[in-house]
Student: 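Would you mind keeping the following structure in view while I ask a few things?
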Amino acid sequence: MKDLASRGDSRSQRPSSEAFREFISSGWDETVPDAERREAADLTPDRRDALVRRLPATRFVLPAGVLKVRSNDTDYPFRPDTAFAYYSGLGTDEEPDSVLVIEPSAQDAQRAEATYFFRPRAGFDTSEFYADARYGEMWVGRRPTVDEASQRLGIEVRHIDELRDHLAKDVGAQLSLSVMPAVDASVEAMVQEIRSQNGLPGGDEAAAEQAALKEAASEQRLVKDEYEIRQMRRAVDATLKGFEDVVRNLPRAVGHPRGERVIEGVFAATARADGNGVGYDTIAAAGDHACTLHWTRNNGVVRAEEMVLIDAGVEIDSLYTADITRTLPVSGTFSPAQRKIYDAVLEASDAAFAVARPGLRFRDLHTAAMEVLARRLEEWGLLPGTAEESLAEDGQWHRRWMPHGTSHHLGLDVHDCAQARREMYLDAELEPGMVFTIEPGLYFKENDLLVPEELRGNGVRIEDDVLVTADGVENLSAAAPRRAEDVERWMIELQR
């Protein structure tokens, strides 16, 4: 029986004659274009220095990740690991199977040295050039050379085949060795083997070192540098353009058997044209679907009398993403019941904006928004007690209709810095340079018998992306209208 791994050869129609090999390797322009230094290359040295200061005497192994099969020999689009992107400065789909190694400098342990290992471009005289469907230039496009990669990143670059020898050097006697877990299984296994061969512990101690690396990489991103803030502004601008395109095409979604998919597709087209793609699966939730917090199936109809909740973000080429939500009346005008819910959510959002400033605890943003929603729900007769009783820890009745948090950090990941310690996240004070969302909501499911019938089947969320400044916050997404009357006017103008 033929080996399963080689069965793909049975359908190959690639030529293999010596005459073909000689002919295809000749007659190519071998001029190497100039490699432009990446903008992030000026910032990554400081990031790497901070890492080796926090976790001294350690060589860090940060894989980009691997291609993952979607269907037979078709892969999912590649997106490198976030920590790899942050410390290397690479983005888009760069570079599967590559590895960044960071370690303290031999001359100064407070400074970092970085080496990038990857599979460089193969020559025209190799079979990889024309026959390798994963790396070959004829199949996936031109790959950089070692020198080009070094010029772009501003660090030493080597062939991936040299990785093992580099990782093993001085390990045990002088350095520990830690790998970012759950990114590349083969690299993780290599690190574990080298640790064992050099007397470093495995098991819980190795896992603790990996957890410390994940924690450090998350917490370092809590405050954005100037480059990151510029990237966030670009991501927000691209996302706002996507929302405008959605509003223009909203009439096309009405009546389509899967109108939510029309909305999703319009936004995806803008995200792909103006960025790397969407930063997360778009939520295009019409009617009662808006009450499912992460509705991404998007297979429902869009009716004129309903609202549609759109939660979407463009990830730009540097991999920074926005995260914005607007809830729109499909007809262009809110009904009285829809307006009632919408205005309550806007009031809660405004309350969080009003208190947001350096020195405030991150968790206090949520508190401010919840105080508003609890009062409104009490006024509407929906709570079994008072708003004050509901806001107490042993109450929380209002959370039936607002079960998620009001804010999360934003950056390279849509829920950025997720491995940070509680005292560095929820319990931390806001600092200039932090970027996060403010996103209260109310969700009244159509089968919720505790809610008046006119409110059922309506979900509203308003989400903005916020930058902490020296004396307050800046709403980066303010160009997307928030007040109900402004939303209605905006839709009219875009649909003319």
Student: Do any N or O atoms from the side chain of E306 and from the backbone of V302 form a donor-acceptor pair under 3.5 angstrom?
Tutor: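 No, E306 side chain to V302 backbone: no donor-acceptor pair under 3.5 Å.
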Student: Taking the six-membered ring where the residue is Trp, are the ring centres of F84 and Y86 under 6.0 Å apart?
Tutor: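 When the ring centroids of F84 and Y86 are compared, they turn out to be at least 6.0 Å apart.
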Student: Quick check for you: to the nearest 0.5 Å, what is the distance between D448 atom CG and C291 atom SG?
Tutor: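 The SG atom of C291 is 9.0 Å from CG of D448, to the nearest 0.5 Å.
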Student: Among all residues two or more places apart in sequence or in another chain, which pass the salt bridge (Lys or Arg N to Asp or Glu O under 4.0 Å) test with D75?
Tutor: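 Result, salt bridge (Lys or Arg N to Asp or Glu O under 4.0 Å) vs D75: R134.
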Student: Are H404 and Y443 close enough that their ring centres sit under 6.0 Å apart?
Tutor: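 Ring-ring flag for H404/Y443: true, centres closer than 6.0 Å.
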Student: Taking NZ, NE, NH1 and NH2 as the nitrogens, is one of them in R297 or E260 under 4.0 Å from a carboxylate oxygen of the other?
Tutor: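 No, this pair does not count.
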Student: Around K340, counting heavy atoms of other residues, nucleotides and ligands shown, do more than 12 lie under 6.0 Å from its NZ?
Tutor: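 Yes.
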Student: Quick check on E453: does its CD atom have over 12 non-hydrogen neighbours (other residues, nucleotides or ligands) under 6.0 Å away?
Tutor: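 No, CD of E453 has 12 or fewer neighbouring heavy atoms, counting only those of other groups under 6.0 Å.
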Student: Indicate whether the side chain of D413 and that of Y280 have a donor and an acceptor atom separated by less than 3.5 Å.
Tutor: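 Y280 and D413 do not have a side-chain donor-acceptor pair below 3.5 Å.
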Student: So is K445 actually on top of W401's ring, under 6.0 Å and inside 45° of the axis?
Tutor: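 No, K445 and W401 do not form such a contact.
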Student: Is a side-chain N or O of E389 found less than 3.5 angstrom from the main chain of T386, in a donor-acceptor match?
Tutor: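 The answer is yes, because a donor-acceptor pair under 3.5 Å joins these two groups.
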Student: Roughly how far, to the nearest 0.5 Å, is CD of Q210 from OG of S178?
Tutor: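 The CD atom of Q210 is 5.5 Å from OG of S178, to the nearest 0.5 Å.
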Student: For the side chain of R326 and the backbone of F243, is there at least one donor-acceptor N/O pair under 3.5 Å apart?
Tutor: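 Checking the backbone N and O of F243 against the side chain of R326, no donor-acceptor pair under 3.5 Å is found.
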Student: Side chains of R143 and R119, heavy atoms from C-beta outward: is any pair under 4.5 Å?
Tutor: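 Counting from C-beta outward, R143 and R119 do come under 4.5 Å.
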Student: Quick one: does P358's side chain get under 4.5 Å of E431's, heavy atoms only?
Tutor: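 With C-beta onward as the side chain, the pair stays apart.
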Student: For the pair S477 (side chain) and I324 (backbone), establish whether a donor and an acceptor sit closer than 3.5 Å, ignoring hydrogens and angles.
Tutor: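 No; judged by distance alone, with no hydrogens or angles, the pair does not exist.
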Student: Can you name the residues that form a salt bridge (Lys or Arg N to Asp or Glu O under 4.0 Å) with E485, not counting sequence neighbours?
Tutor: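 Testing E485 for salt bridge (Lys or Arg N to Asp or Glu O under 4.0 Å), a comparison that skips the adjacent residues, returns R339, R483.
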Student: I'd like to check V487 versus Y342 (side-chain heavy atoms, cut-off strictly below 4.5 Å). Are they in contact?
Tutor: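 Counting from C-beta outward, V487 and Y342 do come under 4.5 Å.
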Student: With heavy-atom distances below 4.5 Å as the criterion, would you say the side chains of F362 and E429 are in contact?
Tutor: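 No, their side chains stay 4.5 Å or more apart.
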Student: So N298 and R258, do their side chains get closer than 4.5 Å, heavy atoms only?
Tutor: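 R258 vs N298: side chains apart.
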Student: Using modelled atom types and a 3.5 Å cut-off, is there a donor and acceptor pairing between side-chain atoms of T327 and backbone atoms of V460?
Tutor: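 Checked: no pair found.
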Student: Please list every donor-acceptor pair under 3.5 Å in which a side-chain atom of residues 231-238 meets a protein atom from a residue at least two apart or in another chain.
Tutor:
| residue | atom | partner | partner atom | Å |
| --- | --- | --- | --- | --- |
| Q231 | OE1 | S318 | OG | 2.7 |
| R233 | NH1 | E474 | OE2 | 2.8 |
| R233 | NH2 | E474 | OE1 | 2.9 |

Student: Rounded to the nearest 0.5 Å, how far apart are CD of E493 and CD of E488?
Tutor: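 Going from CD on E493 over to CD on E488, the span is 12.0 Å.
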Student: Between atom CG of L383 and atom CD of E388, what is the distance when rounded to the nearest 0.5 Å?
Tutor: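 Separation between the atoms: 12.5 Å.
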Student: In the structure I gave you, are the side-chain heavy atoms of R303 and V330 within less than 4.5 Å of one another anywhere?
Tutor: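 They are not in contact (no side-chain heavy atoms under 4.5 Å apart), so the answer is no.
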Student: Do H409 and Y425 have ring centroids that are under 6.0 Å from one another?
Tutor: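 Yes; H409 has its ring centre under 6.0 Å from that of Y425.
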Student: Would you compute the distance between atom CG of D486 and atom CG of L346 and round it to the nearest 0.5 angstrom?
Tutor: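 Atom-to-atom, D486:CG and L346:CG are 9.5 Å apart.
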Student: Determine whether the side chains of E315 and T321 contain a donor N or O and an acceptor N or O closer than 3.5 Å.
Tutor: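 Short answer, no.
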Student: Would you say T115's side chain and V157's backbone share a donor-acceptor pair under 3.5 angstrom?
Tutor: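 Side chain of T115 to backbone of V157: no pair is present.
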Student: Side-chain contact test, heavy atoms from C-beta onward, threshold under 4.5 Å: evaluate it for V435 versus V466 and give yes or no.
Tutor: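 When only atoms from C-beta onward are counted, V466 and V435 do not touch, as no gap falls below 4.5 Å.
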Student: Would a distance-only check, ignoring hydrogens and angles, find a side-chain to backbone donor-acceptor pair under 3.5 Å from E379 to R376?
Tutor: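 A pair under 3.5 Å: no.
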Student: Quick one: does N447's side chain get under 4.5 Å of R456's, heavy atoms only?
Tutor: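 Contact flag for N447/R456 side chains = no.
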Student: Keeping the roles fixed (side chain from T58, backbone from F60), state whether a donor-acceptor pair exists under 3.5 Å.
Tutor: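 No: the side chain of T58 does not pair with the backbone of F60.
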